Every structure is written in structure tokens, then in C-alpha cells.
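Data first, discussion second: the structure below is written as C-alpha cells.
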Amino acid sequence: MDTANLETIAWRNVRSFTLFRMFFSARFYYPVYALLFLDYGLTLAQFGLLNGLWAVTIVLLEVPSGALADTVGRRNLLILAGICMLLEMFVLLLVPVGASGWLFGFFALNRVLSGAAEAAASGADEALVYDSLKAAGLEDRWGHVLERVQRDTSLAFFFAMMIGAAVYDPAMVNAVLQFVGAPFLVEQAQLVKLPIALTFFSGGIVFWMALRMREAPTGSALSVRATLAQSWQQTGAAARWIWATPLPFAIILAAMVIDSSVRQFLTLASEYWNVIELPIASYGLIGAGMSLMGLFVPRLARLLTEKGTPLKNFLLTGAAVFVGLLGLGLAVPIWGILPAILLYASIQLTGFFVSRYLNEAAPSEQRATVLSFRGLSTNSSYGAVSLLYSGLILWIQSQAQGEAAQDAVFVDSLQYFAWYFVFTMLMVFVLYRLRFGKRKYQ
């Protein structure tokens with residue numbers, strides 16, 4: 001195939017990848033995620049179990065899906081991700097609102113399909129696009145592509161947050177209906193499925209973009225059994241490569257520490273906004289506003305990768321996370337939003353650094369598998385940190401004299417975040433030194 005055709009395919013893949021990532025990541029139910037589940041009729045305990053099921057599904061499928069992407073094709077895994085996204089939304093459109101014996105089962109199916117979609121898309125989308133750019137001799141443009149994708153995804157997330165919250169608010173919807181002269185009004189129960197329906201439409205775009213992508217043929221046609229055997233061999237080979245290669249080993253460890261600490265805060269963000277006395281109406285606006293940081297943070301990240309080393313960039317990000325976590329512990333009314341901004345920026349920087357460095361370091365035939373290890377490791381560490389945090393809450397409550405208020409316990413727990421982060425960052429350097437001695441990470 002001539003260079004012109006390869007370039008055409010590469011840029012077509014870039015455009016499709018951008019839209020795929022935008023509509024896959026920016027879901028309209030995110031601003032009302034917990035509220036929507038509860039309005040369907042679930043209890044808080046069931047909501048927690050479903051989130052655990054989602055995380056377990058991703059961890060179990062992350063590496064096998066990446067290995068399959070490297071054997072049966074990245075495009076096929078992206079098509080599967082689109083199908084799973086459509087099915088997970090379709091299940092919630094079918095299930096009736098209101099507590100019933102079948103409700104938890106439907107939502108469990110939804111969470112398994114959602115986790116499968118995440119696992120199928122993770123790594124395969126980036127690997128397909130990077131390899132098509134490399135085939136056209138354009139791999140040096142990968143940093144610019146990542147910058148654009150993160151920027152556009154952040155913009156899409158902003159609109160999804162704003163629209164998703166608006167269509168779930170009967171006062172907002174009724175105001176619009178009155179303005180356009182509609183002869184009827186709606187109630188909350190009639191709006192529960194609207195964000196789901198909008199996300200189902202997004203799933204259709206995700207599926208369409210996956211179909212539009214193209215990759216070079218593998219040149220072999222393996223049976224299912226042979227493909228699965230080769231996939232597990234690929235998984236083992238990627239694990240051995242990460243274990244034996246200084247740079248990806250260090251990157252994945254650093255990503256686990258930074259991602260798990262910051263994501264734990266993001267899970268608790270609404271409670272934090274409450275204790276720093278921000279009005280509830282501002283929560284959705286804050287999330288949308290933070291997402292707009294993606295318009296300029298990727299450019300900063302690209303400049304840092306071009307001018308600095310991986311070690312310097314992760315140390316800089318780690319310092320920002322430490323300052324942000326230290327600021328959280330102060331829980332300053334209103335102004336406590338400033339350290340949160342540092343944490344939002346830090347996790348975006350980390351995502352860019354990890355993606356760029358791993359894509360550049362990984363062999364082409366193992367790239368999707370290696371990238372899937374990233375998702376496996378960060379999801380596993382996040383789950384572990386969540387359990388540690390639950391234990392911390394129980395310990396703080398046991399140490400309290402008398403009955404401690406929930407907000408007071410929460411603020412006390414924030415004091416431990418920064419020092420836990422410092423400890424785990426030090427452990428990264430210790431583990432690296434034990435594994436590679438004084439060998440350079442390059």
C-alpha cells in the first residue's frame with residue numbers, strides 16, 4: 001500500500017478515534033449517576049455492590065481483552081465495545097422504574113456489560129490509531145493527536161454534564177416546555193430514563209466510529225482455540241516485558257499510586273463540596289468546569305513530554321498531587337476548591353504521560369496488551385485503596401469519643417490522604433531500586 005493511502009487511513013482513524021473516545025467517555029447520566037440508580041428503586045447498599053461488580057468485571061477482562069485485540073484485531077474489540085455500550089443502556093431502558101425482585105439483576109447485567117465495554121475499548125483504540133500513524137511514518141504526531149483527543153473529550157464531557165443534569169431536573173425541563181408553549185408538564189419519574197436514552201444514542205455513534213476504523217490485516221486466520229491460546233501467550237509475554245523493562249515498570253507503578261489516590265477523592269467529591277460549604281446546585285457546574293481543564297492541560301502535558309524526562313514529569317505531577325491532598329485536609333470553606341483543581345489537573349497530566357510513554361515504549365505486537373495492563377493495574381489499586389479507606393473510616397469512628405458526626409469523620413479522614421500518598425510514592429522508588437538497582441529508567 002502506498003504512503004498516500006496509509007496517510008489517508010491514519011487520519012481517518014484519528015477522526016474516528018476522537019469521536020469514539022468523546023461519545024464513549026462523556027455519558028449523560030454521569031452528573032446524576034448515584035441519584036439515578038436510587039431513583040430506579042435501588043438501595044445504597046445495592047449501589048455499592050454494583051460498583052464493586054463493575055470494577056471486578058474490568059479487572060477480570062482487562063488483560064484478556066487486550067491480548068485478544070493484539071490477535072483477532074483492535075477494530076473487532078472496538079466494535080464489541082460499541083455493542084456492549086448499546087446493550088448496557090438498552091437494559092436500563094427496558095427495566096421498569098421502581099423496586100422489584102428483578103431490579104438488582106437487571107442492574108447487575110448492566111454493570112457487567114459496562115465493565116466489558118470498558119475493558120474491550122481500553123488500549124485497543126489507542127493501539128490501532130498509533131500503529132496506523134506509525135505505518136504512515138507519522139508516529140511523531142501521536143502527541144498532537146493525544147492532545148486533541150483529550151481536549152475534545154473534555155469539551156464533550158462538559159456538555160454531557162450540563163445536558164445530563166438539566167434533563168434530569170423537572171424544574172428546568174418544565175421551564176423549557178413552558179417557554180416553547182407545550183401543553184403539558186413532566187414529573188421526576190418521567191425523566192429518570194432520559195439521560196439513559198441520550199447515552200444510548202451516544203452508543204450508536206461509538207459503534208459507527210468503530211466500524212469506520214481500519215487496520216492492517218494480520219495475515220493469519222486462527223481458530224478460536226488457537227486465538228485464545230495465543231492471547232494468553234501474548235499476555236504472559238507482555239507481563240514479562242513489563243517486568244524486565246525499567247521504563248514501563250516505573251510508569252505503571254507511578255500511575256497506580258497517582259491514579260488511585262486522586263480517584264479516591266473524585267469518588268468522594270460531592271461530600272467534600274458539602275463540607276467546604278458549596279451550594280448543592282453548584283456540584284454539576286463544578287464537574288463541568290473541571291472538565292474544561294482538558295482544553296489546555298493536554299497541551300501543557302505535551303510540552304512537558306517534549307522538554308522533560310519521564311522521571312521529572314512524574315515527580316512534578318506527584319508534587320502537585322501532594323500539595324492538592326494536603327490542601328484537602330484543611331477543608332477550607334469555599335476556597336477549598338483550589339486544591340481540588342490541582343488534583344483534577346494532575347490526573348489529566350498522568351493520563352497523558354502514561355499513554356504517550358507506554359505507546360512509544362511498547363512493541364507494536366504487544367501494544368494493546370501492555371496498555372490493558374495499565375487499566376488492570378490502576379483499577380486494582382483503586383479497589384485496594386477503596387477498601388483501605390473504608391477501614392480508615394471504621395478506625396476513626398472507633399477512636400471518636402461518643403457519636404461522631406459523618407462530616408467530622410470525613411474531614412478527619414482527609415488528613416491521611418497526603419501522607420499515604422507520600423508513603424506509596426516512596427514505595428515506588430524502593431520497588432524500582434530493588435528490581436533494577438541503579439539502572440536508568442530510560
Side-chain angles (χ1 to χ4, degrees), residues 11-31 33 58 74 77-78 81-82 84-85 89 114 117-130 133 141-165 195 198-210 212-213 255 258-259 262-263 266 269 284-305 317 341 343-356 358-359 371 374-375 378-379:
W11 291 120
R12 176 191 176 102
N13 284 342
V14 166
R15 290 189 294 271
S16 299
F17 169 55
T18 302
L19 290 170
F20 180 96
R21 186 66 71 83
M22 286 170 62
F23 284 92
F24 186 83
S25 302
R27 303 189 178 206
F28 292 95
Y29 60 84
Y30 277 170
Y33 179 53
I58 293 177
R74 287 81 184 260
L77 264 291
L78 297 181
C84 287
M85 183 176 177
M89 293 298 103
S114 180
E118 293 280 352
S122 175
D125 53 357
E126 292 183 8
L128 186 153
V129 177
Y130 184 86
L133 288 170
R141 302 295 298 170
W142 178 241
H144 293 271
V145 169
L146 274 182
E147 177 186 345
R148 174 186 171 183
V149 170
Q150 285 196 10
R151 181 195 65 210
D152 291 353
T153 300
S154 295
L155 194 60
F157 191 82
F158 172 82
F159 284 107
M161 290 284 287
M162 298 297 291
I163 295 172
L198 291 174
T199 307
F200 180 80
F201 173 76
S202 294
I205 297 177
V206 167
F207 179 64
W208 179 29
M209 290 302 107
R212 279 175 50 85
M213 293 190 194
I258 295 174
D259 180 88
V262 178
R263 279 174 68 189
L266 297 180
L285 292 174
I286 291 170
M290 293 295 186
S291 70
L292 285 181
M293 293 173 62
L295 297 177
F296 60 87
V297 170
R299 178 176 176 81
L300 172 63
R302 178 173 60 82
L303 293 174
L304 288 172
T305 57
T317 307
I341 292 174
L343 296 178
Y344 273 91
S346 296
I347 200 166
Q348 290 187 9
L349 285 172
T350 301
F352 188 100
F353 293 152
V354 173
S355 181
R356 176 155 188 174
L358 284 184
N359 270 293
L371 292 174
R374 171 193 61 186
T378 53
N379 278 302

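Everything numeric here is computed off the predicted structure, so don't read it as measured data.
At a threshold of 4.5 Å between non-hydrogen side-chain atoms, the residues Thr153 and Phe24 do not count as touching. Between Tyr29 and Leu198, every side-chain heavy-atom pair lies at or beyond the 4.5 Å cut-off. Proximity of Arg151 to Val297: side-chain heavy atoms (C-beta onward) are nowhere separated by under 4.5 Å. Taking 4.5 Å as the limit, some side-chain heavy atom of Met213 sits within range of a side-chain heavy atom of Phe20. Annotation: side chain of Phe23 is not in contact with side chain of Met209 (no heavy-atom distance under 4.5 Å).
Checked against salt bridge (charged side-chain N to carboxylate O under 4.0 Å, His left out), Glu118 has no partners two or more places apart in sequence or in another chain. In this structure Thr18 satisfies the side chain to side chain contact (heavy atoms under 4.5 Å, CB included) test together with Val14, Met22, Arg148, Val149, Asp152, sequence neighbours excluded. The ring pair (Phe, Tyr, Trp, His ring centres under 6.0 Å) test applied to Phe28 returns no partner, not counting sequence neighbours.
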(message) Please evaluate residues Ile258 and Thr317 with respect to the criterion side chain to side chain contact (heavy atoms under 4.5 Å, CB included), reporting the C-alpha separation (whole Å), side-chain torsions for both, the decisive distance (0.1 Å), and the verdict.
(response) CA-CA 8 Å; Ile258 295 174; Thr317 307; 4.2 Å; yes

(message) Walk me through whether Met85 and Ser114 qualify under side chain to side chain contact (heavy atoms under 4.5 Å, CB included).
(response) CA-CA 6 Å; Met85 183 176 177; Ser114 180; over 6 Å; no

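Between Tyr130 and Trp142, the two ring planes are perpendicular [angle over 60°; tilted spans 30° to 60°].
Residues Gly164 and Pro195 come closest through the heavy atom pair O-CG, 4.2 Å. Smallest separation of non-hydrogen atoms from Ala255 and Thr350: CA-CG2, 4.4 Å. Contact detail for Gln150 and Gln348: the closest heavy-atom pair is OE1-O, 3.9 Å. Between Gly143 and Arg356, the shortest heavy-atom contact is CA-NH1, 3.7 Å. Across Gly82 and Val206, no two heavy atoms sit closer than the pair CA-CG1, 3.9 Å. In this structure, Ala127 and Arg74 approach most closely via the heavy-atom pair O-NH1, 3.5 Å.
Taking CG from Leu300 and OG1 from Thr305, the interatomic distance works out to 9.5 Å, rounded to the nearest 0.5 Å.
A salt bridge links Glu126 with Arg21; the closest basic N to acidic carboxylate O contact falls under 4.0 Å.
Ser355 contributes no side-chain N or O that, together with a main-chain N or O of Phe352, makes up a donor-acceptor pair within less than 3.5 Å.
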